[in-house]
Amino acid sequence: MCLGIPMRVVKIEGSEGVVESGGLSRKANFSLIKSVALGDYVLLHAGFAIERIKPGEAKKTLKLLRDL
Amino acid sequence: MEVCGTHTMAIFRYGLRELLPANIRLISGPGCPVCVTPNRYLDKAIALAGTEGVTVATFGDMMRVPGSRSSLERERSKGASIRAVYSTDDALAMARSHPEREIVFLGVGFETTAPTVASSIIEALREGISNYSVLCGHKTMPEVMGALLAAGGVDVDGFLLPGHVSAIIGTSPYRFLANRYNKRSVVAGFEPLDIMQSILMLIRQRRPVVQVQYKRVIEEGGNRIAQVMMAKVFRKSDDLWRGIGKVRDSGYKIRREYASFDADLRFRPKPCREKEAGGCICGSVLRGVKIPSDCRLFGKSCTPDHPVGSCMVSGEGTCAAYYRYGGRR
Amino acid sequence: MVDRITLSHGSGGRMMHELIDELFMKELGNALLREKRDSAILKFGSKRVAFTTDSYVVDPIFFPGGDIGSLAVYGTVNDLSVCGARPLYISVAVVIEEGFETSRLKRITASVGKAAKTAGVKIVTGDTKVVEKGSCDKIFINTSGIGEVYYDGLSEKSVRPGDAVIVSGPIGDHAISILSKREGLDFGTDVRSDSAPLGGLIAKALGASRRVRFMRDPTRGGLATTLNELVEGRSFGVGIDESELPVRPGVRQACEMLGLDALYLACEGRVVFIVSEEDRRKVLSAIRSDPLGRGARIIGRATEEHKGRVILNTVAGGKRILDMLSGEQLPRIC
């Protein structure tokens, strides 16, 4: 139930929109996060974006994990 | 100890236990919101489903959880109006398109899910949707961790903290783990390497602190918008955890201003007499003091197909994880 | 046995197997039925005939990549093909709900006809029933089929440790395409059902080797359930490498989002082959030469260890047991 998957914002309509990843798209509710922009990555949980994903941190973690 | 069902599942799914050295042991804690929902809540939900004009909308994993006498799935097979949904948005849509029915959403989940339910109530109020309500069973994580440590009996050096709950509440609610109980903790992501890196970070902590491994998602302060929304709709209250008992301030109740969205007040569902299944030790498993194979029902009368306790039926229950991925022998 | 039949009894997993063993086999069991193959193999003089039946209750009835009509034909001919038989004739029986639009019935029937042509089978008999509104959902179809067995030597008993496990293409496509159209889930995806007739692909594989031991199409319950059906009670186990499993990105994403495991998702156009170690590359090439088999992969092997179990070697380097599907993952998937 903690299922949260990273998805990219492709459409914004007020506090709702559409997110996409790997060819799969779904409508999303953005009322729980601050400003969101097209192309941002968000964590989708139960149809809501609950947090933005920070690409800089993601890159750092990936590098660390590669070095491990 | 991990306290998030998704962590439990990831550890089993990727076979991480075998990759760790013998002196590191992973214990599963009460990380599955479905598993810690008391019988009484399920019995109320079933009573609601049997009420004329009511449709119960719920997350799919609640369908097969056994209450005192039955389950939502069983009631549906007898004709009760129960629908599985992916999001509260779907439940609201149902309320809009079926104004003749009363839609009751089963609000189960920790702080990752509770904001989505709070949001649905605010939205329903804004739109003037009058046939939507929530049976609120949300619980919060930090208090139950404190209760476990205070009770003793569980020998834990550190915690893998739930990644997505922490995305909402931030890290400060966990500081007491280090300050009061001297325990280390790390907020961990869900990929196998996230979990392994978090375990490494735990071991390397020279003195107990709260660290964040899941940096790509976690803000130290958490998600303020979600926190404000929850505080607006819910108030903290003592709550009953299946197998653990009453834990102070560990649950949410809907505030009086939103009483018309509170299914408990609106319908006053009358549950059947509460009954716990004999021999089921879900409680001890949830507290981390016993493992599923210690239970005499495990793998015999209690399997994912015929679950006796909630730890077996939930997609993230410890017993389900052991059974599915660890074999019955 | 419980006192009421639930959806879990139809999911293709453990509960369905229990229902079959504890109820149907007890009442109806005979030597042929107990073999529990996809098709029964019957002897008529020197000829061997494969005979199978299947009912289709898929919802929605029109989905990306097919509809209940084409599914009903392909599903049944595939059950014949995986028994080493050339599908020849099928029957089509429909149960229609009162009020069903004639235009939709026409569309489904055209689809049945087209599928039969593509699969090279003749529809030789049928039945039509109409029931009151609410007594069935839109339309249910049953198809039965017969075919002539042309390949000798298919037998679970001949599987040996070292034999290779091959899957003919990406798994989970059908289930995800169905789910994407289900009310309440409603997500957009480019994943289409893989529903297709596999007779040609199978003939190529069987033509390349005399040592294909076993074939099955992984429908309800998915690949994991099919492999478990193979190993249960046997003297060998199966080891699968997670990194070799072909899964489309769209299917992966949907699984992440919905908390599903692709290994348990139904396919309608895939075959699992068990083939001798020496012939595995020959058979793989033969499968890949067919347009429906381009994504084929060797995903594992039969093992000496873990008798009666299926083990997954995970991408993280660990191991886990892959059990049969429990409970109901997805109702009315085919």
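In what follows, chains carry the letters A, B, and so on, assigned in the order in which the sequence lines appear, proteins first and then strands, with residues in each chain numbered from 1. Treat the numbers as computed from the prediction; the structure is a model and nothing was measured.
For the pair B:Ser119 and A:Phe48, the tightest heavy-atom approach, listed with the atom from each and the gap, is OG-CE2, 3.4 Å. When all heavy atoms of A:Lys27 and B:Asp90 are compared, the closest pair comes out as NZ-OD1, 3.8 Å. Scanning all heavy atoms of the two residues, the minimum distance from B:Thr112 to A:Ile50 falls at CG2-CD1, 3.6 Å.
Contacts of A:Ile53 with chain B are made by both backbone and side-chain atoms, with heavy-atom separations under 4.5 Å. Contacts of B:Ile122 with chain A are absent, with no heavy-atom separation under 4.5 Å from either backbone or side chain.
In this structure, A:Lys54 contributes its side chain and B:Ile218 its backbone to a donor-acceptor pair below 3.5 Å. The backbone N or O of A:Ile33 lies less than 3.5 Å from no partner atom in the side chain of B:Asn223, so there is not a single donor-acceptor pair.
In this structure, B:Arg216 CZ and A:Glu51 CD are separated by 13.0 Å, a value rounded to the nearest 0.5 Å. The structure places OG of A:Ser31 at 10.0 Å from CZ of B:Arg126, a figure rounded to the nearest 0.5 Å. One finds the CG atom of A:Leu32 at 7.5 Å from the CD1 atom of B:Ile225 (value rounded to the nearest 0.5 Å).
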Walk me through whether B:Thr113 and A:His45 qualify under side-chain hydrogen bond (donor to acceptor under 3.5 Å, both in side chains). CA-CA 8 Å; B:Thr113 317; A:His45 171 78; 3.1 Å; yes

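When the candidates B:Met9, B:Glu219, B:His7, B:Met229 are compared by the number of heavy-atom contacts under 4.5 Å with chain A, B:Glu219 comes out ahead.
Using a 4.5 Å cut-off on side-chain heavy atoms (C-beta onward), B:Tyr86 and A:Arg26 make contact.
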